[in-house]
Amino acid sequence: VTKENPTITNRNEFRNSRVLIIGLGQLGLPVAKYVKEKGFDTYGYDIEQKAIERAEKVASIKRADSFSDFEVYIICVSTHKPDDIFAPQIDGLLYIIEEISRKAKNGALVSIESTIPRGTSKKVFEMLNHRLHVVHAPHRWYALEEMEHGVNQLRVVGGVHDCCLRAALQ
């Protein structure tokens, strides 16, 4: 993958994957739409029932009843305090990781798209005992300029280990 040629030549490993988008709000819903448009079997989960219903209605995203049997988990949950967007709060993210850890199959990919404090990806990787691949794909979303600052933009992805990065690039 290069700036000149951003395509991945080997997409086979995850091509028929079931993808779960966790968090269907301002960031998660556009991500879910994009993933579905790319041909993946796309499911959604959110703690808010209305968010799930909106994703089903607006984008035909399937409702996930559990965190089991997915090859890819894309986490798009809030990671700041509700009253202070500059104060990190990752308790919800870590709770989700515990759920994924109990239910995910070996080799699955966990992509954290939420903004997280330094060291969080490594902590998540340790919680999962390197049984799953962990990457961070920080996302910048600006709803008023969706085409320029939406889901379909050149982005950076970092893997906790080389195998994690290879899995994410596929």
Side-chain angles (χ1 to χ4, degrees), residues 1 6-48 51-52 54-56 58-79 90 92-116 120-141 150-170:
V1 178
T7 59
I8 309 303
T9 56
N10 181 4
R11 294 180 184 257
N12 295 332
E13 183 176 340
F14 290 106
R15 177 45 48 201
N16 295 316
S17 296
R18 286 173 31 114
V19 178
L20 176 59
I21 312 299
I22 303 169
L24 295 168
Q26 183 178 1
L27 172 60
L29 181 56
V31 168
K33 286 181 190 177
Y34 181 79
V35 169
K36 182 174 178 54
E37 288 170 5
K38 293 299 176 186
F40 291 93
D41 190 12
T42 309
Y43 291 76
Y45 174 85
D46 198 291
I47 58 172
E48 295 291 332
I52 295 170
R54 183 181 65 209
E56 287 175 320
V58 170
S60 299
I61 303 301
K62 299 174 195 169
R63 176 186 306 252
D65 295 321
S66 78
F67 286 9
S68 300
D69 298 322
F70 292 95
E71 288 78 29
V72 179
Y73 298 84
I74 300 177
I75 303 174
C76 302
V77 298
S78 176
T79 52
I90 61 168
L93 171 71
L94 297 180
Y95 173 79
I96 290 166
I97 294 302
E98 288 174 5
E99 288 296 306
I100 291 172
S101 177
R102 284 193 285 275
K103 298 178 180 172
K105 49 183 138 180
N106 290 343
L109 173 66
V110 175
S111 178
I112 304 168
E113 303 235 350
S114 305
T115 302
I116 53 176
T120 304
S121 294
K122 185 176 179 186
K123 179 179 179 86
V124 166
F125 183 77
E126 291 167 355
M127 289 173 68
L128 297 172
N129 295 317
H130 195 180
R131 195 173 65 75
L132 290 89
H133 300 292
V134 177
V135 297
H136 183 212
H139 196 88
R140 296 294 174 249
W141 169 259
V151 177
N152 188 19
Q153 61 179 309
L154 191 58
R155 297 176 44 209
V156 174
V157 62
V160 178
H161 280 274
D162 287 345
C163 61
C164 299
L165 184 57
R166 282 191 303 273
L169 291 175
Q170 291 179 8

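Because the structure is a prediction, the values reported are computed rather than measured.
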Can you list, pair by pair, the side-chain donor-acceptor contacts under 3.5 Å of residues 100-109, counting residues two or more places apart and other chains?
from, atom 1, to, atom 2, distance (Å)
Arg102, NH2, Glu99, OE2, 2.2
Lys103, NZ, Glu99, OE1, 3.2
Lys105, NZ, Glu71, OE2, 2.6
Asn106, OD1, Arg131, NH1, 2.8

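- Distance alone, capped at 3.5 Å, is enough to place a donor-acceptor pair between the Thr79 side chain and the Thr115 backbone.
- Taking 4.5 Å as the limit, some side-chain heavy atom of Ile21 sits within range of a side-chain heavy atom of Cys76.
- Heavy atoms only, all atoms of each residue included: Tyr43 and Ile61 are closest at C-CG2, 3.6 Å.
- Cys164 and Gly159 make their closest contact through CB-CA, 4.2 Å (heavy atoms, listed as atom of the first residue, atom of the second, distance).
- For Glu113 against Leu27, the heavy-atom pair with the smallest separation is O-CD2, 3.9 Å.
- Under the rule for a side-chain contact (heavy atoms from CB on, under 4.5 Å), the partners of Thr120 that lie at least two apart in sequence or sit in another chain are Ile90, Leu93, Ile116, Pro117, Val124.
- In terms of heavy atoms, Phe70 sits closest to Ala64 at CZ-CB, 4.2 Å.
- Annotation for Leu94: atom CG counts as buried by contact number, over 12 foreign heavy atoms lying within 6.0 Å.
- Side-chain atoms of Ser114 come within 3.5 Å of backbone N or O of Val77 as a donor-acceptor pair.
- Heavy atoms only, all atoms of each residue included: Val134 and Ser121 are closest at CG1-O, 3.9 Å.
- Here the CD1-OH distance, from Ile96 to Tyr45, works out to 7.5 Å after rounding to the nearest 0.5 Å.
- Other residues, nucleotides and ligands place more than 12 heavy atoms under 6.0 Å from the CD atom of Glu98.
- Take Asp41 and apply the salt bridge (charged side-chain N to carboxylate O under 4.0 Å, His left out) test, not counting sequence neighbours, and it matches Lys62.
- Between the side chain of Arg63 and the main chain of Ile52, no donor-acceptor pair closer than 3.5 Å is present.
- For Val58, the side-chain contact (heavy atoms from CB on, under 4.5 Å) criterion is met by Lys33, Arg54, not counting sequence neighbours.
- Atom CG of residue Leu132 and atom CE of residue Met127 lie 11.5 Å apart, to the nearest 0.5 angstrom.
- Of all heavy-atom pairs spanning Ala55 and Leu24, the tightest one is CB-CD1, 3.8 Å.
- Checked against ring pair (Phe, Tyr, Trp, His ring centres under 6.0 Å), Phe125 has the following partners two or more places apart in sequence or in another chain: His130, His161.
- Here the straight-line distance linking atom CD1 of Ile112 with atom CD1 of Ile74 works out to 12.0 Å at 0.5 Å rounding.
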